[in-house]
Amino acid sequence: MTAAGTATQDQDRHTVSARGITKAFPGVTANDGVDFDADRGEVHALLGENGSGKTTLCKILTGLYRPDAGDVLVGGNPVNFRSPADAYDAGIFMVHQHFSLVSSMTVAENVVLGWQRHKGRGFNRRQVEDEVARAAERFDMPVDPRAVISRLSVGERQRVEILKAFYRGARTLILDEPTSVLTPQEAEQLFVSLRRMATEGEAVVFISHKLDEVSALCDRVTVLRQGRVSGSADLRSERVDARGLARMMVGRDIAFARRSRSAPVAEGDPALELRYVSALDADGTTALHNVTLSVRPGEILGVAGVAGNGQVALGEVIGGLRKRTAGEVRLRGEPLPPGNPRAASDRGLAYVPEDRIGTGLAPGLTVADNCVLKSFRQRQLGRGPFLVKSRILARTRRLLEAFNVKGTSESLVRQLSGGNAQKVLLAREISSAPQVLVVATPTRGLDVSAMESIRGLLLEAAAAGTAILLISEDLGEILDLADRIAVISRGRIQGVLDADGADPEQVGVLMMGGSLEDAGASSL
Amino acid sequence: MRLRSEIGVPEIRFEKRLKPPRWLGPATPPIAVIVALAIGALVLWASGRDAVDIYQRMARSAFTNPGAFSNTLIAATPLLLTGLAAAVTFRMKVWNIGADGQLMIGAVLAAAAGTFFGGRSLAAVMALMILAGIVGGCLWASIAALLRVYLNTNEVLTTLMLNYIAPLILFYLIFNSTSYWRDLSTQSARVFPQAKTLAEDAFWPTYGAAAAVPFGFLLGVVLALALYFVVRNTRFGFQMRVSADSPEAARYAGISTGRLLILVMLLSGALAGIAGASQIGDVSHRLEPKNLQLATFGYTGIAVAALVRYHPIGIVVSAILVGALNNAGFNLQGPDLPLGLIGVNQGIILMLVAASEVTARYRLVIGRRARRGDRAPPPEQATLEPGASPEQGTSDGTDERPRQDARPGEDS
């Protein structure tokens with residue numbers, strides 16, 4: 001076969017390609033000479049840490065950004081996408097992390113909403129519903145075309161987004177971290193559908209920083225690091241394990257700290273106890289209902305659940321940011337007054353809220369100011385009503401050093417990377433030598449290296465005897481770190497399992513609102 | 001959108017400066033004043049007047065004529081104090097627009113203190129007048145503060161309405177009653193109501209040889225410096241800064257936000273009340289309801305503070321600027337120069353200074369593409385991204401986007 005023949009064959013296989021894409025933002029080269037191909041019939045993973053350039057590349061492929069240099073090729077020909085509409089014409093669609101669905105409309109209405117073909121005209125509802133149903137069946141993505149979006153679960157909404165793309169003629173589907181909002185079961189189901197799409201000859205690009213997903217699902221993987229392609233592999237022919245992928249992503253070996261199972265089970269009186277705690281959301285609906293939990297010194301209790309099932313309220317009620325409507329919270333046996341963050345922190349509660357920048361940290365203030373956000377009343381930081389800056393700076397420097405935070409005391413928190421901001425927050429909270437540490441989604445959105453160090457910090461704190469309540473939507477993280485797992489669903493604790501030997505499937509059943517009997521597990 | 005680019009109309013849009021140069025912030029207001037004077041000159045020329053001559057006369061009557069600078073400082077004093085009053089609450093996103101009323105009630109009590117304690121040493125009288133002014137301002141501000149904290153009443157509405165009530169009290173005291181404040185000593189004063197005048201030995205002093213600097217102005221400068229220091233270096237100021245930056249973070253840090261709000265409102269009321277005391281002690285020496293009502297010092301103070309983004313030291317400068325404009329306008333008006341035209345020029349200056357703040361943080365981009373490598377990643381809200389349909393506008397999951405300040409009105 002001639003070289004020209006091979007080239008033609010390649011062109012046939014690629015739906016969309018990037019050649020030498022470079023894109024710079026002030027201070028950052030997000031993409032630096034990136035080559036990438038999406039092929040028919042494959043699920044292609046785009047793997048990389050936060051800030052490695054994955055999303056920028058995909059935004060260039062879908063016409064949201066324009067490259068500074070390099071070409072986007074469709075069918076082997078360079079194209080110049082001026083807008084996402086041009087990319088749609090080329091069959092390239094992206095499903096973003098935040099869905100763009102009108103929640104008061106039906107699935108079929110959302111599918112046609114704003115689509116050129118229907119512009120200015122009515123649409124044949126029956127016909128659209130049939131088409132959506134056919135597509136749903138084709139990819140094994142059950143969804144009722146007549147259902148109103150607001151009634152659908154997050155997983156179903158994601159299916160609607162995907163079906164919308166295929167209805168509009170997608171041949172290349174790009175998914176931006178699609179599993180971050182799903183339960184393990186929903187993720188499994190999504191994988192089945194994505195495989196089906198590949199089998200049907202479509203091209204699927206899967207953006208992720210979760211290694212196990214990539215090795216389980218994808219045919220090929222392209223790894224980005226600091227804007228460049230740092231490695232690629234054909235997983236169908238090569239054996240690349242998670243460790244190898246991590247090395248490509250980070251450029252060194254990653255060792256995730258895990259809870260040692262041989263550690264003695266924590267004993268003694270609970271450091272943190274919740275008894276029949278209920279609380280409301282801002283709109284008056286139930287956020288927590290009769291939640292009873294206890295954490296002993298040195299123990300990590302993981303609270304697992306799908307996002308939006310009362311986790312935020314749980315952290316806020318313990319931290320004193322939200323008033324409870326019933327029940328009590330005890331810290332070392334002493335009841336905490338409701339809605340009083342200062343009392344909670346004075347009695348030895350450290351709290352890393354889900355909203356790190358904005359609640360846990362004041363973004364417009366300096367790192368030094370944020371390091372004394374709670375301790376500014378301490379006598380040793382000032383004289384009388386005055387704060388002494390040199391003492392604040394000395395404490396900040398100690399913290400930054402001890403917790404290995406990059407950045408100076410004078411930088412504003414909003415200028416820090418997500419990982420460093422979270423480290424500042426954890427450094428401040430852990431350094432107060434708390435009895436109890438409540439952490440909400442401590443590693444969400446962080447890259448692998450930051451995740452590694454945050455996890456390490458939590459385990460160290462537990463080893464030092466702190467009782468830790470780990471509220472997380474990342475089940476893998478909870479399985480790795482926690483001693484026991486409490487599963488929360490619609491504000492209720494569905495059950496508490498021993499983490500040793502816990503089956504993710506069982507936990508998933510509880511996360512969906514099932515009981516321990518449904519999950520076939522023995523209660524603790 | 002595509003249609004537009006085919007015709008070749010260049011796009012005009014604002015892009016956020018990721019790192020505004022350090023000098024740009026302080027430099028923009030003076031530049032804005034110069035640009036405003038140039039635009040104002042065009043207006044004057046267009047109406048057939050000699051702009052250069054008028055500007056010279058303005059400068060003379062605001063600064064260089066005998067006594068001119070003193071009058072500028074007298075005009076600036078209440079604006080400086082009400083400007084500080086506005087700044088302490090506005091920085092915290094508490095909108096106390098009631099400095100006007102707080103000033104008036106402060107003036108009422110200060111006038112009473114001045115007449116009641118007249119005859120003692122000047123220092124004692126002044127101290128008592130200032131204290132009375134503080135009490136009056138705090139009293140009036142506390143109504144709105146307590147309503148806000150305990151009944152969640154919008155402080156914009158309550159302080160605004162209290163601004164209407166305060167002058168009615170003044171009018172009642174002088175015109176509709178035989179109150180303590182009213183001068184009943186002479187026959188004419190009984191027919192034409194007026195307030196008691198301070199004894200001359202209770203008039204506040206002025207300082208300086210070249211220009212008489214009123215005591216109230218000096219007090220305002222000291223308070224501005226003190227405020228600057230307190231915000232930066234005290235535990236109370238720390239709470240203010242945290243709360244101003246993020247109320248959620250303040251609550252999280254165990255700061256009692258309700259208590260802080262009341263304290264800040266009282267501080268604001270106290271500053272406005274001192275402005276009222278200064279009006280009595282420095283300027284009018286008696287309660288003059290009509291003049292106080294017409295002056296609207298409280299509202300002008302908001303503009304004075306906003307011009308420098310609520311920076312206490314900057315307020316000293318902007319109060320002098322606005323005071324000079326008022327003073328010059330007052331002197332220049334005449335048959336050849338209607339007051340309206342002076343108002344136009346003042347308006348242009350104030351508007352450009354206020355608007356220039358945007359240019360310190362955004363740059364204007366004309367043309368299809370930004371300068372390479374110098375362009376902020378599209379801040380979807382601020383930039384009209386070509387062809388960005390609502391669907392794409394929501395792509396918030398960008399992990400590559402450098403952190404940036406998305407909130408306007410933020411101070412360094």
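The sequence lines fix the lettering, A, B, ..., with proteins before strands; numbering per chain opens at 1.
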Measuring from atom CG of Leu381(A) to atom CZ of Arg235(B), what distance do you get when rounded to the nearest 0.5 angstrom? 7.0 Å

Tell me, yes or no, whether the heavy-atom count around Glu248(B) atom CD, taken from other residues, nucleotides or ligands under 6.0 Å, exceeds 12. yes

Surrounding CZ of Arg228(A) (heavy atoms of other residues, nucleotides or ligands, distance under 6.0 Å), is the total greater than 12? no

Using non-hydrogen atoms and a 4.5 Å limit, figure out which bit of Gln378(A) sits close to chain B: side chain, backbone, both or neither. backbone

Nearest heavy atoms of Arg251(B) and Pro341(A), plus distance in Å: O-CG, 3.1 Å

Atom pair CG/OG of Asp355(A) and Ser246(B) - distance to nearest 0.5 Å: 7.5 Å

Side-chain contact, heavy-atom cut-off 4.5 Å: Arg377(A) with Ile255(B)? yes

What option among Asp369(A), Val388(A), Asp346(A), Asn340(A) has the most heavy-atom pairs under 4.5 Å with chain B? Asp369(A)

Contact part of Ile392(A) toward chain B, heavy-atom cut-off under 4.5 Å: side chain, backbone, both or neither? neither

Considering only heavy atoms from C-beta outward, does the side chain of Val372(A) approach that of Phe238(B) to under 4.5 Å? yes

May I ask you to name which of Pro353(A), Cys58(A), Ser375(A) has the most heavy-atom pairs under 4.5 Å with chain B? Pro353(A)

Side chain, backbone, both or neither: which part of Arg322(A) has an atom under 4.5 Å from a heavy atom of chain B? backbone

One option among Tyr252(B), Phe236(B), Phe229(B) has the most heavy-atom pairs under 4.5 Å with chain A, and it is Tyr252(B)

For chain B, which candidate among Gly227(A), Gly384(A), Ser345(A) shows the most heavy-atom pairs at distances under 4.5 Å? Gly384(A)

So, for Gly364(A) and Asp245(B), which heavy atoms are closest and what is the spacing to 0.1 Å? N-OD2, 2.8 Å

Most chain B-contacting option - heavy-atom pairs closer than 4.5 Å, from Asn370(A), Leu365(A), Thr359(A): Thr359(A)

How long is the gap from CD on Gln239(B) to CG on Leu373(A), to the nearest 0.5 Å? 10.5 Å

